[in-house]
Amino acid sequence: MANPTLTITDNRTGKQYTVPIENGAINASELAKIKVAADEPGLVSYDPALLNTAVCKSKVGYIDGDRGILRYRGYPIEELAERSSYLETAYLIVKGELPTASHFRMWQHNIKMHTMVHENVKHLIEGFRYDAHPMGILVGTVGALSTFYPDAKNIMDVESRRMQTRRLIGKMPTIAAFAYRHSRGLPYVYPDNDLSYTGNFLSMLFKMTELKYTPNPTLERALDVLFILHADHEQNCSATTVRTVGSSHADPYSAVAAAAAALGGPLHGAANEAVIHMLREIGSKEHIPDLIRQVKNRERRLMGFGHRVYKNYDPRAKIIKQIAHAVFEVTGKNPLIDIALELERIALEDDYFVSHKLYPNVDFYSGIIYEAMGFPVEMFPVLFAIARTSGWMAQWAEMLLDDEQKIVRPKQIYLGYDERHYVPLATRREVEGVPHETEIRGPL
Ligand code: ACO
């Protein structure tokens, strides 16, 4: 059909409305035309958690959840994981095309020029408590970068956007490594720009007294692939956050800090941390049935399983499982892998998981590799945030330059009190037997 439409009959009035269908969607503002009386607000769509609402048109990432497909700018994730590097993939995501050899050289140079942080950033990190969660340090420090780079507020200037993109991609590993060293009470290691993006990151994390750190090439490559797998994932919770905060024209550091905060939740990018805690708690294979029983009784969730979009398998989880073997050849096997494999096997044969279409997601195996590589669990979401920075910047810029976008301002369905009038404090009735404010009903 050339111009597909949808016809809606309002049974309250008998009126019919023809609504255009474009790209498989109707424009929700068309619904506002459907009203009983001319002076009323009109129909809205109700979609808590945006389960079935497209909030933007995007060219960055594509997911087909039923077929287990993920592509960045059209390129299958499997090809990028096998043949690309994180910095090349970041270029692809940010700029829209793979670089030519000379552009790639320039891009690498430009990112490396921004790996150092201002000494005051270092002092800022030193101010955190010794046991501060590194994700909290990352969120706070990235937010603080806007005070170091006030030019970032020039969001409509392409040169400024490019500069902040290079700075963010360049500095994320440095801030992450400093957060780790802080938690260990170790002196910070400054960037070594002779090394690759992930090689330098490993150096800033793990270099001790040696004059030059030489990363293990297998681990360096494994981390690079993990970063590729985490670089973008279209409109997930943190990408939606970067777009939402950015829609107020906040600077990109503030928007990315907010996105990282969203990523830090256990239902999103910190699920990898929760998986390790869960596998450690299981302890050995014979305890798996007990965990499965708890999950099926809805006492807890199986962390690292399930996805809003993937209902077949998460292609990233497949690739990660393969990387695990290469990493374990260097580091020795992480015993948690056996529990994880058995847990996956049992779950995938169980009717609850099959009928709910619950499969391992990216976080199920990534933590096991990170742990084998020597990362403490608290660092897992931080690693995710480093990789996702390129995706966040691409989503942010796409939102900013999209003429159809405005400041995000959803509607609500108000179910609270109708108008009521203020009663002076002295005449308000005390609730019998409730002397303390915390005992009053309410969520807070
Ligand atoms: N374990 C057990 N049951 C689950 C799980 C799980 N991990 N995930 C979903 N379900 C069940 C729910 O109980 C629900 O069952 P019901 O319909 O019988 O009530 C059904 O599956 C649908 O669950 P929702 O919560 O509605 O699914 P949603 O799409 O909102 O959630 C999410 C997706 C948050 C990822 C969920 O699967 C989950 O909590 N997984 C565990 C946490 C996790 O691994 N998060 C990482 C996701 S990947 C990422 O963010 C990088």
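Numbering of ligands and ligand atoms starts at 1, following listing order. From a predicted model like this one, the values you see are computed outputs, not experimental measurements.
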Original post:
Counting only N and O atoms by type, is there a donor-acceptor contact under 3.5 Å from the side chain of His230 to the main-chain atoms of Leu226?
Top reply: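 Checking the backbone N and O of Leu226 against the side chain of His230, a donor-acceptor pair under 3.5 Å is found.
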Subject >> Side chain Tyr72, main chain Ala231, donor-acceptor under 3.5 Å >> reply: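 Here the side-chain-to-backbone pair exists.
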Hey, which atoms in ligand 1 end up nearer than 4.0 Å to a heavy atom of [X]?
X: Ala271; answer: 43 (C), 44 (O), 45 (N), 46 (C)
X: Leu267; answer: 39 (O), 45 (N), 46 (C), 47 (C), 50 (O)
X: His307; answer: 37 (O), 48 (S)
X: Val295; answer: 1 (N), 2 (C)

Please report which non-hydrogen protein atom sits nearest to [atom], along with the residue it belongs to and the distance in Å to one decimal place.
atom: atom 7 (N) of ligand 1; result: Leu302 O, 2.7 Å
atom: atom 14 (C) of ligand 1; result: His356 CD2, 4.1 Å
atom: atom 50 (O) of ligand 1; result: His268 ND1, 2.9 Å
atom: atom 42 (C) of ligand 1; result: Met303 CE, 3.5 Å
atom: atom 49 (C) of ligand 1; result: Asp363 OD2, 3.7 Å
atom: atom 41 (C) of ligand 1; result: Phe305 O, 3.4 Å
atom: atom 47 (C) of ligand 1; result: Asn361 ND2, 3.6 Å
atom: atom 29 (O) of ligand 1; result: Arg308 NE, 2.7 Å

Original post:
Do Lys318 and Tyr313 meet the cation-pi criteria used here (NZ or CZ under 6.0 Å from the six-membered ring centre, within 45° of the axis)?
Top reply: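 The answer is yes, since Lys318 meets both limits relative to Tyr313.
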**OP:** Answer yes or no for Tyr352: is there a heavy-atom contact with ligand 1 below 4.0 Å?
**Re:**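 For ligand 1, residue contact (heavy atoms, under 4.0 Å) with Tyr352 is present.
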Subject >> Heavy-atom gap Phe384 to ligand 1 smaller than 4.0 Å >> reply: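 Phe384 counts as a contact of ligand 1 under the 4.0 Å cut-off.
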Original post:
Less than 4.0 Å between a side-chain N and a carboxylate O, is that true for Lys59 and Glu398?
Top reply: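 Looking at Lys59 together with Glu398, the answer is no, because their closest N to O distance does not fall below 4.0 Å.
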**OP:** May I ask you to check if ligand 1 and Gly304 share an N or O to N or O distance below 3.5 Å?
**Re:**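 The answer is yes, given that Gly304 and ligand 1 share an N or O pair closer than 3.5 Å.
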Original post:
Counting heavy atoms only, which of Arg298, Arg301, Lys296 comes nearest to atom 32 (C) of ligand 1?
Top reply: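 The residue whose heavy atom sits nearest atom 32 (C) of ligand 1 is Arg301.
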**OP:** Return the orientation label for the Tyr180 and Phe206 ring planes: parallel under 30°, perpendicular over 60°, tilted otherwise.
**Re:**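 Plane angle over 60°, so perpendicular.
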Looking at side-chain heavy atoms only, is the closest gap between [X] and [Y] below 4.5 Å?
X: Pro381; Y: Glu273; value: yes
X: Asn11; Y: Thr9; value: yes
X: Thr53; Y: Leu50; value: yes
X: Asp157; Y: Asp151; value: no

Is [atom] less than 4.0 angstrom from at least one protein heavy atom?
atom: atom 45 (N) of ligand 1; result: yes
atom: atom 16 (P) of ligand 1; result: yes
atom: atom 22 (C) of ligand 1; result: no

Original post:
Is there a donor in the side chain of Thr115 and an acceptor in the side chain of Asn193, or the other way round, less than 3.5 Å apart?
Top reply: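 Asn193 and Thr115 do have a side-chain donor-acceptor pair below 3.5 Å.
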Original post:
How does Asn236 reach ligand 1, by side chain, by backbone, by both or by neither, if only non-hydrogen atoms under 4.0 Å count?
Top reply: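 Contact part for Asn236 vs ligand 1: neither.
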**OP:** Report yes if the distance between the aromatic ring centroids of His233 and His268 is under 6.0 Å, otherwise no.
**Re:**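 Between His233 and His268, the centre distance exceeds or equals 6.0 Å.
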Subject >> The single option from Arg71, Arg73, Gln395 passing side chain to side chain donor-acceptor pair (under 3.5 Å) against Asp232 >> reply: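 Per the side chain to side chain donor-acceptor pair (under 3.5 Å) rule, the option paired with Asp232 is Gln395, out of Arg71, Arg73, Gln395.
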